[in-house]
Structure formats: structure tokens, C-alpha cells
Amino acid sequence: MVRRIEVSGAGGVRLAAWEFTDPPKAGAGREAARGPGVLLLHGLLGRAAQWAETARWLSTRHRAVALDQRGHGRSEKPAEGPFDRSTYVDDAEAAVEQLGLAPVTLIGHAMGALTAWQLAARRPDLVRALVICDMRASALGAASQREWAAWFRSWPVPFATLADVRKWFGEDDPTLERPNPPRGDFFAEVMAERSDGWRPAFSCRQMLKVRETWVHDAHWEELALVECPTLVVRGLDGELGRAEAQEMVRVLPRGQYAEVVDAGHLVHYDQPDGWRRAVEPFLASVLPV
């Protein structure tokens, strides 16, 4: 089961959150069945629904909520933002407090992982544990931003069908080293049907503005302020290299490391079983049953 919940983010921006639950057991009260809170934060271009598989296995023991971050999914997409880092952290903080999730475990992928560790550094009282999935702490630089802008321009939009979306992002995208069908599935879930075909459900211009706010900076100092137990997860073929991931674990006061074989940047899409095997034991060690 899934239910949509409205959250008021920074500046009153409307955010959509999605709570994934098992059907309640007979005789169990609603609150008793919820368990400790977990907030799932997607990466740039993503949406909360892409955490569905993870949220379902989490929901057997925990209260699992996924947030559409501003500019993404069903959340508001304010024309001029703001889209700075502090605002994204404010939004996540508002979601935790308004949904009564604290002390929360934050699970973030890419941009969502950065939001998660920045919130954990700012509000240690709200955060019980943290999972960082394939997000670098080092600055990515101006060249990386130019590459993303060129990549957006290369998209052959509009796509006639969702099958075309899956094929282009999973096979034909020239940035791919080899076919990756789960990547095609990922992008099919962030498209919306328009009068002329399928186009991104987000604004590429806005996404570049969002990304601009973190690519030029390193985030090691904030990482070192995270007090809670933290698991750093990387796909062997992802964007976070092993040396940097292990340095992140060293910098974290209570860091742990895991890697998932045969997975790229979209770890939880590429290898959902491997992702679960990496994350579930960590959660079992830090969360009350």
C-alpha cells in the first residue's frame, strides 16, 4: 500500500511525500505498526516512486516514507527556485518534523545523499542513522557541469513511446559504455506524456540550476560533522570511486563501507538484491525492531 502526504517545505513550497505500508495486522493499532521512521531521498532527476522496492521491504519493520524533492516528481517546481543546498536541507528537515519521523534514518542516493548528510550535520538531534549511496564528497568542477548541459541537449525529445525512452537511455545514449536496461527503466519513470510525445517531468534548466549549487564545492567538512552511524554504499561501476568512498568512511566519526558488484550509479536499480544485502544488516544493527 502507498499513500500520498502533503508536506510544506521551505518558503511554503508544496512537497509530495509517499508512505509505503504493509496492510495493518488484525488488532494492531496504526501507531504501533509504524516502527522507527525512515526517509528516502532520491537523486537529481529522480522521484520518490523509484524507492518503491526498497520502501516495501523496509515497511515490514519501519515506517518508510519517500519524498519528492522540490523540482521533482509531484512536488512543486517553483520557476525561479530557490534551489540552493540550504533550501533542500530545509525541505528535508520540514518533512522529518511534519511527518513525525524523528529520530529518523535517512537513506539518500546521489543528490539525496548529500541532502541527507547535510541535514545530519545540521540537526544531529533529528537523525538516528544515515545511508549514503553513490555520492562524492569531492568537488566535481565546471567541466562536469558543462558535460551535463551537453548531455541534456543530446536527448532526442520528444520520445514517441516509453519503449523509445527505455531504449535510448538503456542502450543508445552515447555516454553509456555498455547497455544498461535498468537505467532505461529509471528514465522511463521520470517522463510525462505531452501532446507531442514523452518529455521529462522536470525542467532540464532547473536541474542544471540545482546541480550548479553543489558541483563546485567539496563537502568533506559537513561529512565530518555527521555524528550518527553512517553506511557509505557504492556500485563497483558507479561514480563514487573506492578510494574516495573509503576516505569518506575514515572521515565519518562512525562510518561503515559496503559495495555492490555489477552495479553502476543507480545501485538500487541495477542490483536491488545486492543493494538490500548491503543495507539491511546495517539497519538491523542501528534501528530498534
Do the side-chain N and O atoms of [X] and [Y] include a donor-acceptor pair separated by under 3.5 angstrom?
| X | Y | result |
| --- | --- | --- |
| Thr54 | Trp275 | yes |
| Thr161 | Arg166 | no |
| Gln69 | Ser75 | no |
| Asp68 | Trp18 | yes |
| Thr87 | Asp90 | no |
| Tyr88 | Glu93 | no |

Check your understanding: Can we say Glu247 and Arg250 salt-bridge, meaning some charged N sits less than 4.0 Å from an Asp/Glu carboxylate O?
Key ->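 Result for this pair is yes, salt bridge flagged.
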Donor-acceptor pair, [X] side chain versus [Y] backbone, under 3.5 Å?
| X | Y | value |
| --- | --- | --- |
| Gln206 | Pro78 | yes |
| Glu244 | Gly241 | no |
| Asp134 | Glu239 | yes |
| Arg70 | Ala10 | yes |

Check your understanding: Under a 4.5 Å side-chain heavy-atom rule over Ile, Leu, Val, Met, Phe, Trp and Tyr, are Phe152 and Val210 clustered together?
Key ->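 Yes, Phe152 and Val210 fall within the same hydrophobic cluster.
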Practice item. Kindly work out whether a path of hydrophobic side-chain contacts (I/L/V/M/F/W/Y, heavy atoms less than 4.5 Å apart) joins Trp148 to Leu140. Key: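 Per the 4.5 Å side-chain linkage, Trp148 and Leu140 are co-clustered.
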With a 4.5 Å cut-off on side-chain heavy atoms, are [Y] and [X] touching?
| X | Y | value |
| --- | --- | --- |
| Pro182 | Leu266 | no |
| Leu223 | Met248 | yes |
| Ile107 | Val38 | yes |
| Val233 | Leu240 | no |
| Leu126 | Glu97 | yes |
| Arg123 | Val89 | no |
| Leu40 | Val65 | no |
| Glu171 | Arg183 | no |

Review point. Picking from Val104, Leu101, Thr21, what satisfies side chain to side chain contact (heavy atoms under 4.5 Å, CB included) with Arg63?
Key: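 Only one option passes, and that is Leu101.
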Practice item. Please name all residues satisfying salt bridge (Lys or Arg N to Asp or Glu O under 4.0 Å) with Arg128, sequence neighbours left out, ordered by chain then number. Key: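 Testing Arg128 for salt bridge (Lys or Arg N to Asp or Glu O under 4.0 Å), a comparison that skips the adjacent residues, returns none.
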Point to revise | Pairs touching residues 105-120 that satisfy side-chain hydrogen bond (donor to acceptor under 3.5 Å, both in side chains), sequence neighbours left out | key: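 Non-adjacent pairs meeting side-chain hydrogen bond (donor to acceptor under 3.5 Å, both in side chains): Arg85-Thr115, Arg85-Gln118, Gln118-Glu222.
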Point to revise | Residue pairs passing the side-chain hydrogen bond (donor to acceptor under 3.5 Å, both in side chains) test where at least one lies in residues 5-17, sequence neighbours excluded | key: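 Those involving residues 5-17 are Arg4-Glu6.
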Point to revise | Output field: ring centroids Phe282/Tyr257 closer than 6.0 Å | key: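 That pair fails the under 6.0 Å test.
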Check your understanding: Please, which pairs that meet salt bridge (charged side-chain N to carboxylate O under 4.0 Å, His left out) have at least one residue in residues 255-276, sequence neighbours excluded?
Key ->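 Listed by first then second residue: Arg234-Glu259, Arg242-Glu259, Arg276-Glu280.
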Can you confirm whether more than 12 heavy atoms, excluding those of [X], are under 6.0 Å from its [atom1] atom?
| X | atom1 | result |
| --- | --- | --- |
| Glu212 | CD | yes |
| Arg74 | CZ | no |
| Gln145 | CD | yes |

Exercise for review: Please assess Lys209 against Asp84 for the test salt bridge (Lys or Arg N to Asp or Glu O under 4.0 Å), listing each intermediate value before the final yes or no.
Suggested key: CA-CA 8 Å; Lys209 287 182 67 174; Asp84 58 278; over 6 Å; no
Practice item. Name all residues meeting the ring-ring contact (aromatic ring centres under 6.0 Å, His included) criterion together with Trp214; count only those two or more places apart in sequence or in a different chain, and write none if there are none. Key: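 With neighbours one apart ignored, the set is empty.
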Practice item. Kindly write out the residues that satisfy side chain to side chain contact (heavy atoms under 4.5 Å, CB included) with Ala192, not counting sequence neighbours, or none if the list is empty. Key: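 Applying side chain to side chain contact (heavy atoms under 4.5 Å, CB included) to Ala192 gives Arg194, Ala201.
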Review point. Applying the ring pair (Phe, Tyr, Trp, His ring centres under 6.0 Å) test to Phe187, which of Phe169, Phe202, Tyr269, Phe159 qualifies?
Key: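 That would be Phe169.
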Point to revise | Criterion side chain to side chain donor-acceptor pair (under 3.5 Å) against Asp173, the qualifying member of Trp168, Trp151, Trp155 | key: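 Option passing the side chain to side chain donor-acceptor pair (under 3.5 Å) with Asp173: Trp151.
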